[in-house]
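Right, one structure below, let's go through it.
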Protein chains: 2
Amino acid sequence: MDMTSKLTAAAERLFDRHGYMATGMDRLTQAAGMSSRTLYKHAGSKAQLMARVLGERDRRFMAQIEVGTVDALFAALEDWVRVEGTRGCLFLRSQAETGGDTPEIAGAVAAHKAAFGQRVADIVAADLGREDADLAEQVLVLFEGATHAADYRGAKAVSAARAAAAILTRRART
Amino acid sequence: MDMTSKLTAAAERLFDRHGYMATGMDRLTQAAGMSSRTLYKHAGSKAQLMARVLGERDRRFMAQIEVGTVDALFAALEDWVRVEGTRGCLFLRSQAETGGDTPEIAGAVAAHKAAFGQRVADIVAADLGREDADLAEQVLVLFEGATHAADYRGAKAVSAARAAAAILTRRART
DNA sequence: AGGAATGTAAAACGTACGTTTTACATTGCA
DNA sequence: TGCAATGTAAAACGTACGTTTTACATTCCT
């Protein structure tokens with residue numbers, strides 16, 4: 001595994017577990033197993049590193065929700081939280097931690113959330129056989145809610161969202 | 001307005017807008033208009049200050065959602081985001097920023113989320129005339145989702161959640 | 001064989017952190 | 001009148017921040 005991947009993986013883990021601001025570069029060099037000089041050669045800066053972490057995560061997440069039905073979307077979320085745990089949305093957390101004042105991060109977050117919104121709309125359209133902006137918004141809210149409520153309610157928040165989405169989707173189909 | 005209230009109000013504003021970790025004590029003394037010595041006399045420590053901010057916010061928020069129907073719950077959220085803006089849930093953000101490692105904060109967050117969960121269950125029970133744990137979980141997820149999705153989708157996320165909750169509640173009533 | 005590329009360890013850069021202290025001014029109550 | 005309480009400004013505490021630098025070792029390609 002090359003140094004850049006090792007660094008990005010270590011950074012994602014620490015930023016996700018302890019927060020972006022609370023994670024110092026010394027902790028990062030130690031976790032990545034490299035000197036600070038090498039780290040900066042690959043990272044550029046802390047903000048750029050976070051932007052790359054978010055880009056990687058976006059790739060991974062969007063691949064996981066490459067599905068054709070609303071129910072499969074929530075099944076994918078169940079898998080995601082089982083593997084990754086429940087710490088809310090790293091994109092929104094990063095944005096909030098920095099008050100939206102870090103351009104590299106704000107850009108990565110905006111790009112992800114735009115792609116995610118489009119993906120949800122596509123899945124709803126594929127499931128219904130037609131576009132439905134209202135249902136898409138409801139499914140997006142349920143997905144976001146499950147992601148964050150799982151923080152303190154556990155996995156049952158995701159299954160509740162899945163059940164609610166099934167009801168709303170069936171209703172929209174007829 | 002006494003110094004403690006002025007301090008708490010200034011702290012809530014800064015912590016909410018720029019994040020807990022990113023807000024330094026010098027910025028806080030300046031915003032609260034008092035010396036650091038006075039600030040520490042009233043705050044105790046940064047973590048204790050945040051805990052008091054969260055306690056205040058819990059009081060204000062729980063008063064706002066003192067309602068008897070599911071629809072009124074989401075109407076209250078619409079009012080809340082109109083007044084307070086859309087920056088997600090300060091409790092979950094604080095918890096995530098500190099990785100759950102700050103006891104004062106973790107305690108305040110746990111207390112709030114327990115009270116909030118109970119309140120949602122009570123509202124659902126009052127609306128239906130009977131308890132319904134499944135519907136309560138769905139309403140909670142919709143509420144949490146609206147809170148966070150409003151960050152990037154705007155107020156329409158809240159109305160989508162309201163509409164979805166209305167459908168699920170009507171269905172549960174019959 | 002030789003030299004760019006890539007890595008290391010460790011110290012230093014200046015700044016800011018959360019917190020405490022020193023020295024002094026203003027109040028309000030007994 | 002006097003003194004405790006409460007406030008101020010400003011410097012200092014030690015630590016940690018993100019970042020750069022210095023000096024040196026090790027690969028890898030031609």
Side-chain angles (χ1 to χ4, degrees), chain A residues 1-54 93-108, chain B residues 1-54 93-108:
Chain A
M1 195 198 236
D2 65 304
M3 308 242 75
T4 297
S5 311
K6 203 165 69 167
L7 169 58
T8 307
E12 177 168 4
R13 189 170 183 286
L14 289 181
F15 287 155
D16 185 41
R17 272 217 151 86
H18 306 289
Y20 171 69
M21 284 293 188
T23 302
M25 297 306 274
D26 56 343
R27 208 174 186 180
L28 220 41
T29 59
Q30 195 180 339
M34 66 186 61
S35 70
S36 65
R37 173 154 201 191
T38 305
L39 187 147
Y40 270 91
K41 181 162 291 184
H42 290 85
S45 69
K46 195 188 187 185
Q48 285 172 46
L49 175 58
M50 181 45 130
R52 267 232 320 287
V53 164
L54 293 178
R93 289 200 275 132
S94 312
Q95 181 80 340
E97 273 207 70
T98 55
D101 296 331
T102 309
E104 295 94 328
I105 293 176
Chain B
M1 197 196 233
D2 64 305
M3 309 242 75
T4 297
S5 311
K6 203 165 69 167
L7 169 58
T8 308
E12 177 169 3
R13 188 170 184 286
L14 289 181
F15 287 156
D16 184 42
R17 280 226 142 74
H18 306 289
Y20 171 70
M21 284 293 188
T23 302
M25 297 307 273
D26 57 343
R27 208 174 186 180
L28 219 42
T29 59
Q30 195 180 340
M34 65 186 62
S35 70
S36 65
R37 173 154 198 189
T38 304
L39 187 149
Y40 269 92
K41 181 162 289 185
H42 290 84
S45 68
K46 194 188 187 185
Q48 284 172 46
L49 176 58
M50 180 46 129
R52 269 230 322 285
V53 163
L54 293 177
R93 287 199 276 133
S94 312
Q95 181 80 338
E97 272 207 72
T98 55
D101 297 331
T102 309
E104 296 96 326
I105 293 176

Neighbours of DNA chain C within [range], by heavy-atom distance under 4.0 Å:
range	result
residues 5-13 of chain A	none
residues 34-49 of chain B	B/S36, B/R37, B/Y40, B/S45, B/K46
residues 101-108 of chain B	none

Test side-chain contact (heavy atoms from CB on, under 4.5 Å) applied to A/H42 and A/T8, step by step: CA-CA 9 Å; A/H42 290 85; A/T8 307; over 6 Å; no
Is the shortest side-chain heavy-atom distance between [X] and [Y] below 4.5 Å?
X	Y	answer
B/L54	B/E104	no
A/M34	A/M3	yes
A/R52	A/T4	yes

Under the side-chain hydrogen bond (donor to acceptor under 3.5 Å, both in side chains) rule, collect the residues that match up with A/T102, sequence neighbours excluded.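 None.
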What pairs with A/T38 under side-chain hydrogen bond (donor to acceptor under 3.5 Å, both in side chains), at least two apart in sequence or on another chain?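 Result, side-chain hydrogen bond (donor to acceptor under 3.5 Å, both in side chains) vs A/T38: A/S35.
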Assess whether side-chain hydrogen bond (donor to acceptor under 3.5 Å, both in side chains) is satisfied between A/D2 and A/S5, documenting all intermediate values. CA-CA 6 Å; A/D2 65 304; A/S5 311; 2.5 Å; yes
Tell me which residues in residues 18-25 of chain B put a heavy atom below 4.0 Å from DNA chain D, sorted by number, or none.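 Those residues whose heavy atoms fall under 4.0 Å from DNA chain D, taken from residues 18-25 of chain B, amount to none.
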Short side-chain to backbone donor-acceptor contact, B/K46 and B/G24, under 3.5 Å: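 Such a contact is absent between B/K46 side chain and B/G24 backbone.
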Any sub-3.5 Å donor-acceptor pair from A/E97's side-chain atoms to A/Y20's backbone N or O?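 Such a contact is found between A/E97 side chain and A/Y20 backbone.
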Residues that [X] engages under side-chain contact (heavy atoms from CB on, under 4.5 Å), provided they are two or more places apart:
X	answer
A/R13	A/R17
B/A9	none
A/S36	A/T29
A/A43	A/L7, A/L39, A/L49

What verdict does the side-chain contact (heavy atoms from CB on, under 4.5 Å) test give for B/R93 and B/D16, after you've listed the backbone C-alpha separation in whole Å, the side-chain angles of each residue and the deciding distance to 0.1 Å? CA-CA 9 Å; B/R93 287 199 276 133; B/D16 184 42; 2.4 Å; yes
What is the 5' to 3' range of DNA chain C, first to last nucleotide, that sits under 4.0 Å from any heavy atom of chain A?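 Going 5' to 3' along DNA chain C, contacts run C/dG7 to C/dA10.
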Salt bridge (Lys or Arg N to Asp or Glu O under 4.0 Å) partners for B/E12, two or more places apart: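 In terms of salt bridge (Lys or Arg N to Asp or Glu O under 4.0 Å), with neighbours along the sequence ignored, B/E12 is linked to B/R57, B/R60.
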